[in-house]
Amino acid sequence: MIDLKYVEKNFDEAAARLKKKGVDTQTLEKLKTLFGQLKEANAALEAAQAEQNSMSKLFGQYKREGKDIGELKAKVDANKERIAQLQEKAREAEAVLYEVALAIPNFPDDSVPEGEDEEDNVELRKVLEPRVFDFEPLEHWALAEKNGWIDFERGVKLAKSRFSVLRGDAARLERALINFFLDTNREKGFEELCVPFMNNAQMLQGTGQLPKFEEDLFKIEDEDLYLIPTAEVPLTNMYNDEILSEEKLPVLMTGYTPCFRKEAGSAGRDTRGIIRQHQFDKVEMVAIAHPDKSDEVFEMMVQNASDILTALGLPHRVVELCGGDLGFSAARTIDLEVWLPGQNKYREISSISNTRDFQARRAKIRFKDGKKNRLVHTLNGSALAVGRTLIAIMENYQNEDGSIEIPEVLKKYM
RNA sequence: AGACAGGUGGCCGAGUGGUCGAAGGCGCACGACUGGAACUCGUGUAGGGUUAAUAGCCCUCGAGGGUUCGAAUCCCUUCCUGUCUGCCA
């Protein structure tokens with residue numbers, strides 16, 4: 001959630017910053033008004049409560065002294081009714097305010113380039129030269145078919161469309177990749193965690209998936225539980241409603257989880273192959289950082305993900321997202337796009353974001369800064385999306401006969 | 001899933017209707033003592049909102065509701081934890 005006091009005090013600046021993300025001034029105006037109304041309602045309520053408290057104290061005193069309490073009782077009763085009304089008002093004001101506030105995306109950093117969509121993203125650098133093929137490279141689904149690696153039909157039979165089954169060496173390669181990623185992250189100082197794949201609503205609100213993006217989540221029937229769309233949710237919320245000591249920062253975590261997404265709104269996109277599935281594996285990095293240090297941590301995470309791709313010999317490019325392409329919670333995001341010779345283009349394989357204090361405010365993650373409690377910065381990034389890495393290996397390491405080489409660094413895992 | 005017992009500050013733990021956001025202890029921080037340390041002594045130490053304020057005021061003793069002038073304390077609902085039984089990897 002964005003800082004309401006900041007919006008109140010620096011309205012024009014806040015409006016200008018959010019414009020980059022496509023939020024109109026009207027919405028922000030509404031937010032400011034509602035915030036003012038809530039404060040007013042609370043002030044009135046608190047005044048009445050203060051009065052009630054002091055009258056209640058008098059009440060006890062009168063009784064002890066044997067004074068007549070008739071008149072006081074009448075006053076107290078009247079005030080009680082008033083409090084109930086004021087409380088109702090304040091509650092209403094709060095509900096309305098939060099409905100709006102929770103749906104407003106994070107401020108982008110000033111350094112984020114202007115732009116509408118991914119067309120306006122800025123390429124920062126390319127790493128590794130794409131291989132030159134002396135034959136026509138195939139797309140991953142064609143290679144999968146040749147090698148018997150992916151059983152699309154049975155995935156659909158077991159579940160429904162956008163599910164699949166990896167078979168034989170593909171399944172082994174998937175597992176090898178997970179291990180390779182986790183080991184690499186661990187060597188960089190990330191603690192390895194194995195977390196629940198279902199989280200409750202409060203956690204999903206903490207990281208920003210709820211309440212606005214419920215339609216993209218799988219919900220467990222009759223339970224306050226959702227299948228996680230990314231390990232960012234459990235890892236970041238490890239410290240939900242906690243106060244960390246400053247020396248603990250940054251907290252670096254990594255974990256492998258499957259990710260579950262309904263992909264509502266992407267019907268017809270990437271239907272061939274396993275680029276876009278309802279369930280996919282991902283190894284995630286999450287950092288909880290001191291606000292002054294989150295930029296450093298961010299750079300480290302981008303470098304780490306890029307290094308993993310380099311170690312696998314996969315050509316990729318580093319792209320800074322423009323304001324319009326930035327996710328809901330992110331203040332800044334860098335995507336890594338891997339080269340897919342079969343598709344003849346770069347495709348997203350990792351997305352690293354600094355959410356500043358946006359998630360921290362929602363999830364109440366703070367640290368002790370001297371005497372005061374301050375919000376931390378939270379960061380997350382894939383290192384890496386496993387299924388898409390598998391695709392990248394298939395396409396980049398294919399031979400003319402359709403067979404696929406195993407990258408050197410993975411051999412000890414197979 | 002059933003039965004019973006519980007959920008209080010970073011931790012342990014007292015508190016069964018007002019003087020309690022809360023005794024005492026541990027831990028932690030600062031200070032005194034010391035050559036330095038341990039010990040000892042003193043002081044401080046929950047979160048959130050409002051506010052210029054670390055002043056005042058309000059809210060919070062798992063959560064929600066109720067009784068009452070007044071609830072950590074009484075009642076209801078719910079969630080969670082522990083133990084036993086059942087089931088299972």
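From a predicted model like this one, the values you see are computed outputs, not experimental measurements.
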[X] has an atom [atom1]; how far is it from atom [atom2] of [N], in whole Å?
X      : N     : atom1 : atom2 : value
A:L97  : B:G49 : CG    : P     : 13 Å
A:I83  : B:U68 : CD1   : C1'   : 14 Å
A:E246 : B:G10 : CD    : P     : 19 Å
A:L375 : B:G47 : CG    : C1'   : 13 Å
A:N42  : B:G49 : CG    : P     : 12 Å
A:D224 : B:C80 : CG    : P     : 9 Å
A:R361 : B:G48 : CZ    : P     : 13 Å
A:D3   : B:G49 : CG    : P     : 10 Å

Rounding to the closest angstrom, what is the interatomic distance between [N] and [M] at atom [atom1]?
N     : M     : atom1 : result
B:U77 : B:U85 : P     : 27 Å
B:U40 : B:G7  : C1'   : 37 Å
B:C61 : B:U73 : P     : 8 Å
B:A71 : B:A32 : C1'   : 43 Å
B:C30 : B:G49 : P     : 27 Å
B:C57 : B:U8  : P     : 28 Å
B:A23 : B:U81 : P     : 29 Å
B:G56 : B:G66 : C1'   : 32 Å

Heavy atoms under 4.0 Å, any strand shown: does [X] hit a base, just sugar-phosphate, or nothing?
X      : value
A:L58  : nothing
A:D77  : sugar-phosphate
A:N373 : sugar-phosphate

Side-chain N or O of A:K80 less than 4.0 angstrom from OP1 or OP2 on B:G70?
yes
Ignoring backbone atoms, test whether A:R366 places a side-chain nitrogen or oxygen under 4.0 Å from the OP1 or OP2 oxygen of B:G47.
no
Quiz question: by atom type and distance under 3.5 Å, do the side chains of [X] and [Y] form a donor-acceptor pair?
X      : Y      : result
A:N304 : A:N185 : yes
A:E263 : A:Q277 : no
A:E320 : A:N121 : no

Is there a side-chain contact between [X] and [Y], using heavy atoms and a 4.5 Å cut-off?
X      : Y      : result
A:D224 : A:Q202 : no
A:R175 : A:N179 : yes
A:I288 : A:L244 : yes

Under 3.5 Å: donor-acceptor pair, side chain of A:D216, backbone of A:R261
no
Between A:T254 (side chain only) and A:E192 (backbone N and O only), is there a donor and an acceptor less than 3.5 Å apart?
no
Determine, for nucleotides 50-65 of chain B in 5'-to-3' order, which nucleotides have protein heavy atoms under 4.0 Å from the base (write B), from only the sugar-phosphate (write S), or from neither (write -).
SS-----BSS-----S
Cationic N near anionic O, under 4.0 Å, A:R347 to A:D270:
yes
Keeping to residues at least two apart or across chains, list the side chain to side chain donor-acceptor pair (under 3.5 Å) pairs with something in residues 22-33 of chain A.
A:D24-A:T27
So what's the dot-bracket for RNA chain B: Watson-Crick or G-U pairs under 3.5 Å, [ ] if a pair crosses, | if it pairs off-strand?
((((((((.[[[..)..(.....]]]((((((.......))))))(((((.....))))).[[[[[..)....]]]]])))))))....
So which one's nearest nucleotide on RNA chain B is more toward 5', A:I243 or A:K73?
A:I243
Please report whether the ring centroid of A:Y6 lies less than 6.0 Å from that of A:F107.
yes
